[in-house]
Amino acid sequence: MRGIIEKFNGMKVIKWMIYAFFVLFLLLPLFSVFLVSFTGQPINLLGSLVNVDTLLSTMDKLKNANLDYYADMVARSGYLGALINSLQLSLFVSLIVILVCIPIAYGIARTKMPFKRTISALCIIPLIIPTFISAYAFIIMFGRAGWVTYIYQGLGGQDMLIDPYSMTGIVLVQVFFFFPYALWPMVAAFKVSDVSLEEASLNLGSKKYFTFLFITLPLALPGIISSALLIFTVSFSDFGTPIILAPKDLSLIVVEAYREIAGFFNWAGAAILTVVMVLVAAFFFWLQNLFVKGKNYGSVSGKPKAQKLSDNKKVNTVLSVYSLFIVSVPLLAMITVFLQSLATTWGLGPLPDGYTLENYTDVFSTSFDNIRNSIILAAGALVLSVVIATFISYFVVRENSSKLDFITTMPLVVPGIALGIALIQTFNTAPLQLTGTALILIVAYTIRRIPYMIRSTTSTMRMIKADIEEAAVNLGASRFTAAITIIGPLLMPGIAAGSILVFVTVIKETSISILMAPAEWAPMSLAIFQNILRGEYYTAAAMSVILVVIVLVLQSLANLISRKQSQ
Amino acid sequence: MGSVEIKNLTKKFGETLALKNVNINIEEGEFFALLGPSGCGKTTTMRCIAGFEDPTDGEIILGDQVVNDIPANMRNCGMVFQSYALFPHLNVFDNVAYSLNIKDLKEGGFLNKGKVYGRMLSNKLFSYPNHIKDKVNEILEYVELDHLSQRMIGELSGGQQQRVALARSLVMEPSILLMDEPLSNLDQKLRHTMRNTIRRIQQDLGITTIFVTHDQEEAMSMADRIAVMDQGEVMQVGTPTDLYSNPSTPFIADFVGTSNLLKGKAESINNEMFVNVDGNQLKSTYSNSTGEVDVVIRPEHLTIINDEKDAGSFDNVIEGEVLFSTYLGSIVRYDVKAGNENYLVDTTYNSGDSIYQPGTTLKLTVEPERVLIL
């Protein structure tokens with residue numbers, strides 16, 4: 001009996017440590033920022049726990065808490081304008097993405113359109129490229145000296161086809177680089193509706209386009225709306241695109257929040273913007289969950305039905321050409337970055353003026369530290385998330401710990417820039433002065449990306465039936481030995497797949513890196529960002545290519561592992 | 001050593017009472033079945049014995065030791081899981097060697113522990129010592145799987161997996177063997193072979209075995225004694241023949257074998273028992289109660305009177321009409337309606353016999369000692 005109690009307590013202690021981790025690095029910072037948005041001055045909650053003076057001053061600040069800053073925000077058109085612009089941007093992006101995706105999703109789900117596999121494969125590109133690199137790629141395509149502009153002017157156009165430094169530019173980048181997030185759920189949604197229903201409609205005398213509008217589309221609608229809400233949240237939280245492309249006169253909430261904290265150290269403003277960001281993102285996340293939980297997708301999760309695919313040659317060719325056009329834009333953007341990285345110079349012209357490897361040797365001589373930093377930081381976040389996620393999935397699956405499940409999905413809702421501001425606010429003074437250290441950077445990356453890891457380990461854990469563990473115990477093994485010899489090896493594929501995902505997303509991470517990384521720990525993403533700001537486009541391109549290659553290699557490794565796992 | 005005593009075992013899951021004061025004594029070397037419909041508490045009883053559930057109340061005694069406080073991994077009861085719960089990342093040999101590795105882990109120093117962990121994680125890293133190799137090979141030979149020792153679990157058939165699970169439990173020389181629905185994942189034909197295999201091994205080793213099943217035929221054909229459970233309670237414990245011929249409740253009569261469950265009114269006339277079932281006065285040799293009673297008659301104990309003239313010579317005669325007949329090969333089963341009661345009647349069928357058509361009026365008879373009054 002004593003043995004059981006000891007082990008039981010061991011597991012309990014670990015559970016409490018995990019709770020403490022999330023409370024300290026997620027809930028407490030968010031709560032602090034919430035308080036700051038009322039007091040207008042930084043609040044040191046941790047300090048208040050250990051120091052009486054700090055406690056008193058905190059009490060003082062709280063006493064003076066009021067709604068002035070919120071009133072200010074409404075009054076000062078700057079903030080409200082930023083919020084409205086951001087909402088507008090997200091609305092445009094989600095609507096356009098849906099319109100862009102409907103034909104592609106229909107084509108993939110319901111027709112025998114040619115080049116289906118190529119189109120699907122090319123859809124991966126936007127997902128692996130950090131958005132600030134895509135934004136930068138758009139500049140070198142559509143900017144004053146871009147090759148698209150060259151062709152446009154060659155055809156008799158005036159000035160530029162599209163100004164990348166504008167709302168239109170931001171919308172276009174987000175549309176072309178976020179559409180795959182919506183595409184796959186929409187493909188699933190289109191598979192819900194049954195061909196027999198459409199045939200019934202045709203049989204009853206309705207025309208084909210009529211059938212599509214009134215039968216196929218309404219059946220796929222819940223899935224489409226859910227995708228739109230997802231894109232809305234992703235677009236709203238995106239920092240990489242607006243920070244590169246937003247012109248001075250266009251304020252967006254993520255950029256505004258970043259400037260308040262990094263430029264002016266205006267805590268009141270940053271806090272209010274953070275609270276607003278989190279609330280908006282949480283609201284749309286909740287709305288989207290509501291749709292996913294609803295009645296849609298019912299027949300998708302079941303056995304795959306044999307689908308009759310349309311083979312109308314004319315329609316399929318049109319769909320295929322259209323889809324290839326959409327997916328080729330990100331590809332062209334990437335090729336452009338690649339060419340730029342090899343260019344000596346590239347003025348207004350279709351191709352670089354000359355080719356060299358000098359940009360790469362430059363990167364390796366000057367920015368090798370950044371590459372090293374990226375790998376060390378990502379590896380740190382990886383180790384931390386593996387340990388935490390493994391235990392969390394054990395608690396969630398075996399002990400049905402729904403509270404833990406809820407807390408650990410929360411980071412999905414918090415925009416990166418909001419998490420960054422909250423962490424800086426909480427940890428920039430004693431007793432836990434962590435701002436500016438590699439540790440807080442690793443913790444921030446971990447909190448932000450751990451939901452991916454948990455998803456991966458939890459789904460593997462669910463496949464390990466409880467009786468396998470019981471069998472080991474029955475054969476004489478203690479819980480600990482059973483965990484090492486049976487659960488561990490069986491969990492390996494899930495850990496491996498999740499690890500690569502965490503590693504990749506941390507290397508790609510923009511908002512946290514730009515906001516929180518100190519100079520001596522600057523990762524690649526921050527270095528590229530600074531190069532772009534300084535106008536050092538050629539080294540930025542070379543480093544972007546290196547980053548994408550690292551991501552690409554790891555991603556294909558992850559796919560390989562998950563394919564092996566599912567076999 | 002191998003006896004099992006369950007004393008006043010009660011188990012609650014939150015507010016639901018899963019086991020109500022269960023008392024069972026199992027003797028050393030006995031093959032004992034826990035039989036009952038799903039949700040009756042038979043699996044919970046077994047899991048309490050194995051140590052996977054803590055009893056809310058009561059005692060479990062293995063041999064002469066109360067084991068309530070002994071953790072599951074120290075109880076030395078081998079268990080064969082319903083799903084077999086074989087380790088999918090290990091081959092047959094490593095699966096069977098698992099408990100021997102664990103035993104090895106408890107002996108020797110740090111170096112030895114490292115070695116054992118090493119070979120449990122990868123059998124290519126460290127080789128097994130001879131005493132384990134010999135023991136595993138011996139048991140694999142015994143269950144006729146020695147030729148498959150290097151196969152992965154996924155490459156085996158259901159019957160082979162079942163035998164690996166059995167070997168894995170037996171190799172640890174458990175004081176008792178627990179089997180949770182051991183045959184439920186096998187197809188009909190294999191089930192019959194495995195029944196014999198399990199019975200043979202149990203007799204051979206003389207190991208006390210408790211197995212859980214919902215299949216009465218399985219329990220009847222394999223077990224020395226059976227405990228019938230329903231809604232967390234033990235209804236009756238006895239040998240298969242006991243349960244069949246002297247069921248203590250209508251539930252058992254219905255669950256064990258097929259029966260005609262009838263309502264009747266019993267009365268004693270001149271020291272003889274009679275029971276009135278919907279107008280038919282039946283004589284019975286059972287005399288436990290009078291008034292409203294349950295009457296049980298097994299289908300094979302009802303006989304059709306072929307010759308009208310003989311009818312007067314029987315004690316009990318029931319007249320009814322054939323509703324339909326079911327041809328089952330060696331027997332024909334009739335559904336006969338007599339008054340408001342339906343009777344199942346089994347008759348042996350010899351080739352060439354004619355089968356009564358629906359609508360035919362029949363006279364049935366049953367011996368007084370076959371009319372059970374409960």
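- Partners of A:Tyr19 by ring pair (Phe, Tyr, Trp, His ring centres under 6.0 Å), not counting sequence neighbours, listed by chain and number: A:Trp16.
- Within the 4.5 Å cutoff, no side-chain heavy atoms of B:Met79 are placed close to those of A:Glu470.
- Nearest approach of A:Asn474 to B:Met172, heavy atoms of both residues: O-CE, 3.5 Å.
- For the residue pair B:Leu121 and A:Pro489, the shortest heavy atom distance occurs at CD2-CG, 3.8 Å.
- No more than 12 heavy atoms of other residues, nucleotides or ligands shown are found within 6.0 angstrom of CZ on A:Phe391.
- Summarising the local packing, OH of A:Tyr452 is surrounded by 12 or fewer heavy atoms from other residues, nucleotides or ligands at distances under 6.0 Å.
- The salt bridge (charged side-chain N to carboxylate O under 4.0 Å, His left out) contacts involving residues 103-119 of chain B comprise B:Asp104-B:Arg119, where partners must be two or more places apart or lie in separate chains.
- Taking chain B as the reference chain and counting heavy-atom pairs below 4.5 Å, the highest number among A:Ala472, A:Gly476, A:Ala466 is found for A:Gly476.
- Within residues 81-89 of chain B, the residues having any heavy atom less than 4.5 Å from a heavy atom of chain A are, in residue-number order, B:Phe81, B:Ser83, B:Ala85, B:Leu86, B:Phe87, B:Pro88, B:His89.
- Evaluation of the ring pair (Phe, Tyr, Trp, His ring centres under 6.0 Å) rule for A:Phe395 yields no partner, not counting sequence neighbours.
- Both the backbone and the side chain of B:Arg168 come within contact range of chain A, with heavy atoms under 4.5 Å apart.
- Interface residue A:Ile484: backbone and side-chain heavy atoms are both found under 4.5 Å from chain B.
- In this structure, the side chains of B:Ile102 and A:Leu475 stay at 4.5 Å or more apart for every pair of heavy atoms.
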